[in-house]
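Since the structure comes first, as C-alpha cells, the remarks are kept for the end.
In this text, all values refer to a predicted model and were calculated from it rather than measured experimentally. The basis for the numbers below is simple: all heavy atoms, side chains too, and nothing from hydrogens, waters or symmetry mates. Quick note on labels: first sequence line is chain A, next is B, and so on, each numbered from 1.
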There are 2 protein chains.
Amino acid sequence: MIEPLEQLRSTLQDHGQSLTRPRKKVFTTLQAKGPLTMAELIQASGTSLDRASVYRTIKLYEQLGIVQRLQIGWKYRVELSNSFQHHHHHMYCTQCGNVIAMPEDTVLEERLQALAANISFSAQDHQIEIRGICANCSRT
Amino acid sequence: MIEPLEQLRSTLQDHGQSLTRPRKKVFTTLQAKGPLTMAELIQASGTSLDRASVYRTIKLYEQLGIVQRLQIGWKYRVELSNSFQHHHHHMYCTQCGNVIAMPEDTVLEERLQALAANISFSAQDHQIEIRGICANCSRT
DNA sequence: AATTATTTGCAAATATGTCGCAATTTGTGC
DNA sequence: GCACAAATTGCGACATATTTGCAAATAATT
Ligand SMILES: [Mn+2]
Ligand SMILES: [Mn+2]
Ligand SMILES: [Zn+2]
Ligand SMILES: [Zn+2]
C-alpha cells in the first residue's frame with residue numbers, strides 16, 4: 001500500500017495541481033477526524049487556514065474524487081473517499097448524534113449494482129444513511 | 001384512497017395546524033414537480049409566497065412527516081414523504097442532473113433492516129442515493 | 001536561486017436560513 | 001355571511017454559510 005500523502009500528491013499531480021500546505025492540512029485533518037461538517041473542518045484546520053481556502057480545497061477534492069459529501073442528519077459532512085478508506089456507509093443516531101460506520105456488505109452492494117443495471121444506469125458511486133437510535137441510547 | 005389534499009388537511013388538523021393558502025401552494029408544487037431544492041421551491045411557488053413562509057412551511061412539514069429531505073448531488077432537496085408516495089430511492093445523473101426514482105426493492109430494504117438489527121441499532125428511516133450517468137446521457 | 005504559474009489570504013459580495021412583529025388570514029360559532 | 005380569537009403571513013432586519021476578485025505569497029521547474 002502507498003503512503004496516503006503520496007497518493008494524494010500523485011492524484012493532484014495527475015490533474016496538474018500541486019500539493020500545498022493548506023491542502024495537506026485539510027487532508028490530514030480529515031484523515032484524523034473522520035466525517036466533519038465544513039464548520040468543524042474549518043475550525044479544526046486552525047487559524048492558519050482561511051475559510052475560503054478550505055472551501056476551495058474541498059471543492060477541488062470532491063472533483064478529483066478525494067473526498068465525498070455525506071448527508072448526515074441535518075447538515076452535510078465531508079470525509080475521505082473510497083480511494084483512501086474502505087467503502088462503507090453510516091448509521092446516524094438522531095438521539096446522541098453518533099455516526100456509526102457500517103462494514104461493507106456484499107449482498108447490499110450487489111443489489112444496488114443490479115438495480116442500476118436494470119435501467120441501464122451507469123452507477124459510479126452511492127451513499128446510504130440509516131437513521132435511528134443507537135444501541136447505547138435505546139438502553140434508556 | 002383519500003384525496004392528497006384532504007390527507008394534508010387532516011394531518012395538519014391533528015396537530016392543531018391549519019391548511020392555509022401558502023401551505024397548500026407548497027404542497028401542490030411538490031406534488032407536481034417532485035424533489036426540489038429550497039431555491040427551486042421558493043422560485044416555483046411564485047412571487048405570492050415569501051421565502052420565510054416557504055422555509056417555515058417546510059420545517060413544519062418535516063416535523064409532521066409530510067416531506068423529507070434528501071441529499072442529491074450538492075444540495076439537499078425536499079419531496080413528499082412516504083405517506084404521500086411510495087417509499088423509494090433515487091439515482092442522480094451527474095451529467096444532466098436528472099433524478100430518477102427507483103421502485104422499492106424488498107431485498108434491499110430487508111438487507112438494510114438486517115444490518116441495523118445486527119448491531120442493535122433501532123432503524124427508523126434510511127436514504128439511498130446512486131450517482132452515475134443515466135441511460136440517456138451515456139448514449140452519448 | 002531565479003522564473004513563472006498556481007494558490008493563498010483577505011475583504012467584499014452572494015446565497016441561504018432565521019426572527020420579531022404588525023397586518024392578514026383562518027377556523028369557529030352565531 | 002359576519003364577528004371574534006387564534007394562528008399565520010409578509011416584511012425587513014439579522015445571522016450564517018459559501019463564493020469571488022485580486023494583490024501577495026508559495027510551489028514546481030530550471
Ligand atoms: Mn465514514
Ligand atoms: Mn423521489
Ligand atoms: Zn445514540
Ligand atoms: Zn443524465
* State plainly whether the residues B:E62 and B:K59 are in salt-bridge range, i.e. N to O under 4.0 Å. => no
* Asked: If you take all heavy atoms of A:H90 and A:A101, which pair is closest and at what distance?
  -> CD2-CA, 4.2 Å
* Who passes salt bridge (Lys or Arg N to Asp or Glu O under 4.0 Å) against B:R77, sequence neighbours left out? -> none
* For A:Y55 and C:dA12, give me the distance from atom OH to atom P, rounded to whole Å. => 19 Å
* Asked: Atom CZ of A:R51 to atom C1' of C:dA13: distance rounded to whole Å?
  -> 12 Å
* For the residue pair A:S48 and A:S45, what are the closest heavy atoms and their distance? -> OG-O, 3.6 Å
* Which pairs with one or both residues in residues 117-126 of chain B pass side-chain hydrogen bond (donor to acceptor under 3.5 Å, both in side chains), sequence neighbours excluded? -> A:R131-B:D125, B:H87-B:H126, B:H89-B:H126, B:E109-B:H126
* Asked: How many Å lie between CD1 on B:I42 and P on D:dG10, as a whole number?
  -> 12 Å
List, with names and distances, any nitrogen or oxygen atoms from the protein found under 3.5 Å away from nitrogen or oxygen atoms belonging to nucleotides 3-9 of chain C.
from: C:dT7; atom 1: OP1; to: A:Q17; atom 2: OE1; distance (Å): 2.6
from: C:dT7; atom 1: OP1; to: A:S18; atom 2: N; distance (Å): 3.2
from: C:dT7; atom 1: OP1; to: A:R23; atom 2: NH1; distance (Å): 2.9
from: C:dT7; atom 1: OP2; to: A:Q17; atom 2: OE1; distance (Å): 3.2
from: C:dT8; atom 1: OP1; to: A:T20; atom 2: OG1; distance (Å): 2.9
from: C:dG9; atom 1: OP1; to: A:R21; atom 2: NH2; distance (Å): 2.9
from: C:dG9; atom 1: OP1; to: A:S48; atom 2: O; distance (Å): 2.9
from: C:dG9; atom 1: OP2; to: A:D50; atom 2: N; distance (Å): 3.4
from: C:dG9; atom 1: OP2; to: A:S53; atom 2: OG; distance (Å): 2.6
from: C:dG9; atom 1: N7; to: A:R56; atom 2: NH2; distance (Å): 2.8
from: C:dG9; atom 1: O6; to: A:R56; atom 2: NH1; distance (Å): 3.4
from: C:dG9; atom 1: O6; to: A:R56; atom 2: NH2; distance (Å): 3.2

* Starting at CG of A:L12 and ending at C1' of D:dA28, how long is that distance when rounded to a whole Å? -> 13 Å
* A:K24 has an atom NZ; how far is it from atom C1' of D:dT26, in whole Å? -> 12 Å
* Measure from CG on B:L64 to P on D:dT8 and round the result to the nearest Å. => 11 Å
* Which ILVMFWY residues can you reach from B:L115 by hopping between side chains whose heavy atoms are under 4.5 Å apart? -> A:M91, A:I100, A:M102, A:L108, A:L112, A:L115, A:I119, A:F121, A:I128, A:I130, B:M91, B:I100, B:M102, B:L108, B:L112, B:I119, B:F121, B:I128, B:I130
* Asked: For A:C137 and A:C93, which heavy atoms make the closest approach, and how far apart are they?
  -> SG-SG, 3.8 Å
* For B:L8 and B:Y61, run side-chain contact (heavy atoms from CB on, under 4.5 Å): C-alpha distance rounded to whole Å, both residues' side-chain angles, the deciding distance at 0.1 Å, then the answer. => CA-CA 10 Å; B:L8 173 64; B:Y61 279 7; 3.8 Å; yes
Validation: residues 26-34 of chain A side-chain donor-acceptor distances under 3.5 Å, sequence neighbours left out:
from: A:T28; atom 1: OG1; to: A:K24; atom 2: O; distance (Å): 3.2
from: A:T28; atom 1: OG1; to: A:K25; atom 2: O; distance (Å): 3.1
from: A:T29; atom 1: OG1; to: A:K25; atom 2: O; distance (Å): 2.7

* Whole angstrom value for the distance that separates P of D:dT8 from CZ of B:R9 -> 13 Å
* Asked: Starting at OH of B:Y76 and ending at P of D:dA17, how long is that distance when rounded to a whole Å?
  -> 13 Å
* Would you mind reading off the bend of the helix from C:dA1-D:dT30 to C:dC30-D:dG1 from its two end axes, five pairs each, to 10 degrees? => 50°
